[in-house]
J.: 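Please read through the structure below; I'll follow up with questions.
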Amino acid sequence: MTSQNSSEVRVRFAPSPTGYLHVGGARTALYNYLFAKKNGGKFILRIEDTDEARSTEESLRGVVDDLAWLGLKWDEGVDPVTLKDFGPYGPYRQSERLEIYKKYAEQLLKDGKAYYCFLTDAEIEKQREENKAAGNFHVNSPYQDWSLDKALEHIKAGNSAVVRFKTKGLQKDYILHDLVRGEVKFPSDMVGDFVLLRSGGMPVYNFCCVVDDYLMKMTHIFRAEEHLPNTLRQLMIYQGLGWAAPQFGHISLILDEDRQKLSKRKGAVACGILKQEGYLNSAVLNYIALLGWSHPEEKEILSVDEMIKAFDISRLNPSGAIFDRVKFKWMNSMHLRALPNTELWQAIQPYLAKENMQLPQDPTWQDKSLNLFKPYMEILADAVELYRPLDDKSYAILPEADETLKWEPTKAVLTAWSDLVKAHPGDYMSEEEFLKYQDEVKNKTGAKGKNLFMPIRVAVIGKPHGAELKILVPLLKKSSLVARAEQALSKT
RNA sequence: GUUCCCAUCGUCUAGGGGCCUAGGACACCUCCCUUUCACGGAGGAUACAGGGGUUCAAAUCCCCUUGGGAACGCCA
């Protein structure tokens, strides 16, 4: 099989660099990626930056970084490092393809499928007001029947115009065989004469999208449901240009807790934030994949490779899904547990460093501690509170320990414990040794139950509740244990 | 308002005419483990939006209603 044969599957993700990448966009990218990989096709990253006012290079950088962090590698598009084009169908930034769009707009103009429109904003607004009651928001341009020559004269005379697609005289209904939704029938008067080229000559989304998808030889378009009405417009453009349309699949929306579309305004879940909060890319991918798609055997914890293997568009769910942070967190904890300790240790370093925590450099110690803490970690940031008891600088007797310190047997328990620790021969004590000392304290003082346990815990972590002592104590150096015991004792 | 899309536990979902007294997962509740918290284990409660058809048989097919969502830009 050659890599460029005509039946090759080609799909794309086409973000606009006007903000960050949110989970909705990430999922669209993921489904396209999975579909490409599953079918041995190509996954292309195209940049839709025709909104000059809002597109920024920083935003492009951010979106590309997030995509790269997720691990969704693209075969053509902009380079993840240099942001320069690569691939045979470039440029891949729409702002660099203006001449191309202009050419096809002129073709539509010449063929009478589009026209120059001189309506002003105020006039359009007035039309809207008048038609509102009838539920018709479409513009009705008096210029639609002007000849091209006449319009050109008018422009030469200094009038500015947009190019609109002419919907009058089109077929009554358009039928879309949607890969996710089945047959969708659009009445062609569902849309009005929409803009192709802005007054400055800058093309608009629906137009660029068609020209690019065609020229870049896209075979399938998977995008969010909100684009359904756009698809009608695009179908019209394909027809006007005499091109065959690709296959479309409109996937469901990701909703917030209020069942509304996740919107950036309302603080949509940004991939970058998720990364910061300590979620693993594999967990993000896994969770969003399952929002609208299911594994044939209902497996839930999946690697990307497993997803590729099982991916089948017939399992794409047409209804919207709420992003549930609780389940997402659980899923992250599962991915955390699957991570090898050496990688996990690296991953938590930024979080520990931010708190200035200093932990032993010994890999064996690190491995051991991780084995113990891993089951309690849901996100990477949890490592901070888990490891804090092991950091000498962070040790402090907390107010919640006050009551324990006042108990009658506490002083005796702490004294006995302190003595035993001081007499301990090695740098660290084993779990067995700790249990033995604990027993000795019990025998010596007669304290038992919480009278025994809680004072010792205070002497180890500074508070009466927390992780199991037999886990914590073997991870603490003798010198630390001694210092802490003395500090606790001094408060009795 | 108009058009389009959607409709199974609180949430994500399985299901595609008989296998469904509807299965799984997260969350929740109870118990066990644990001389704390958590982890782990065992149980439990909870859903086919409503109404009409079609059919011997409907969660599954059709229609209507209702509810939710989206779109109606010189944004993408």
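Below, read A as the first sequence line, B as the second, and so on, with proteins coming before strands; counting in each chain starts at 1.
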J.: Whole angstrom is fine here: how far is it from CZ in A:F328 over to P in B:U13?
T.: 16 Å
J.: Centroid-to-centroid, A:Y174 to A:F186, below 6.0 Å?
T.: no
J.: Output the rounded distance in Å from CG (A:L196) to P (B:G73).
T.: 15 Å
J.: Go nucleotide by nucleotide along RNA chain B from the 5' end; which of A:R27 and A:G182 gets its closest nucleotide reached first?
T.: A:G182
J.: Can you check whether A:R315 has a side-chain N or O nearer than 4.0 Å to OP1 or OP2 of B:G15?
T.: yes
J.: Identify the nucleotide, in any strand shown, that forms a Watson-Crick or G-U wobble pair with B:G10, with both distances under 3.5 Å; if there is none, say none.
T.: B:C26
J.: Please state the P separation for the pair B:U13 and B:C6 - nearest whole angstrom.
T.: 14 Å
J.: Select base, sugar-phosphate, or nothing to describe what A:E257 touches, counting heavy atoms under 4.0 Å on all strands.
T.: nothing
J.: Measure from NE2 on A:H227 to P on B:C5 and round the result to the nearest Å.
T.: 17 Å
J.: Quick one: do A:E76 and A:Y92 satisfy side chain to side chain donor-acceptor pair (under 3.5 Å)? Show the steps, please.
T.: CA-CA 8 Å; A:E76 299 169 24; A:Y92 292 89; 2.6 Å; yes
J.: Using the C1' atom as the point on both nucleotides, what is the distance between B:G17 and B:A22, in whole Å?
T.: 15 Å
J.: Assign A:S252 to base, sugar-phosphate, or nothing according to its heavy-atom contacts below 4.0 angstrom with the strands shown.
T.: nothing
J.: What is the distance, rounded to the nearest whole Å, between atom CZ of A:R233 and atom C1' of B:G73?
T.: 9 Å
J.: Between the base of B:A76 and the side chain of A:N230, is there a donor and acceptor pair under 3.5 angstrom?
T.: yes
J.: For A:L386 and B:C39, give me the distance from atom CG to atom C1', rounded to whole Å.
T.: 11 Å
J.: Taking pairing as Watson-Crick or G-U wobble with both contacts under 3.5 Å, can you name the mate of B:U34, or confirm there isn't one?
T.: none
J.: Going by an N to O cut-off under 4.0 Å, is there a salt bridge joining A:K470 and A:E468?
T.: yes
J.: B:G73 P sits how many Å from A:E226 CD, rounded?
T.: 15 Å
J.: By the 4.0 Å heavy-atom rule, please label A:E298 as base, sugar-phosphate, or nothing.
T.: base
J.: Using atom P of each nucleotide, how far apart are B:A47 and B:U11 to the nearest Å?
T.: 12 Å
J.: Determine the interatomic distance between C1' on B:C63 and the same-named atom on B:A27; round to the nearest Å.
T.: 38 Å
J.: Strictly below 4.0 Å, N to O, side chains only: are A:E225 and A:R181 in salt-bridge contact?
T.: yes
J.: Can you check whether A:S319 has a side-chain N or O nearer than 4.0 Å to OP1 or OP2 of B:C5?
T.: no
J.: Using a cut-off of 4.0 Å on non-hydrogen atoms, how would the nucleic acid contact of A:G292 be classed: base, sugar-phosphate, or nothing?
T.: sugar-phosphate
J.: Taking atom P of B:C37 as reference, at what distance in whole Å does atom CG of A:L398 sit?
T.: 18 Å
J.: Considering Watson-Crick and G-U wobble pairs with both distances under 3.5 Å, what does B:C39 pair with?
T.: none
J.: Just call it for A:S199: base, sugar-phosphate, or nothing, with non-hydrogen atoms closer than 4.0 Å on any strand.
T.: base
J.: Under a 3.5 Å limit for both distances, which nucleotide forms a Watson-Crick or G-U wobble pair with B:C20, could you say?
T.: none
J.: Show each protein N/O and nucleotides 65-69 of chain B N/O combination with a separation under 3.5 Å, one pair to a line.
T.:
{"from": "B:G69", "atom 1": "OP1", "to": "A:Q260", "atom 2": "NE2", "distance (Å)": "2.5"}

J.: Under a 3.5 Å cut-off for both contacts, is B:U3 paired Watson-Crick or G-U wobble with anything, and if yes, with which nucleotide?
T.: B:A70
J.: With rounding to the closest Å, how many angstrom separate the P atoms on B:C4 and B:G10?
T.: 31 Å
J.: Check whether any side-chain N or O of A:D49 sits under 3.5 Å from a backbone N or O of A:Q94 as a donor-acceptor pair, and report yes or no.
T.: yes
J.: Need one value for A:K329: base, sugar-phosphate or nothing, where a base atom within 4.0 Å counts as base even if backbone is also close, heavy atoms only.
T.: nothing
J.: Between the side-chain atoms of A:K327 and the base atoms of B:A25, is any donor-acceptor pair under 3.5 Å?
T.: yes
J.: Do A:F453 and A:W407 have ring centroids that are under 6.0 Å from one another?
T.: no
J.: Could you work out the separation of B:U60 and B:C26 based on their P atoms and round it to a whole Å?
T.: 28 Å
J.: Is A:A14 touching bases, backbone alone, or none of the nucleic acid, heavy atoms closer than 4.0 Å?
T.: nothing
J.: Send over the distance from A:Y205 OH to B:A71 C1', rounded to a whole Å.
T.: 13 Å
J.: Under 4.0 Å between any heavy atoms, over every strand shown, what does A:V191 touch: base, sugar-phosphate, or nothing? Just pick one.
T.: nothing
J.: When we call it a touch if two heavy atoms are under 4.0 Å apart, what does A:V326 touch: a base, just sugar-phosphate, or nothing?
T.: sugar-phosphate
J.: How would you label the contact of A:R223 with the nucleic acid (heavy atoms, under 4.0 Å): base, sugar-phosphate, or nothing?
T.: nothing
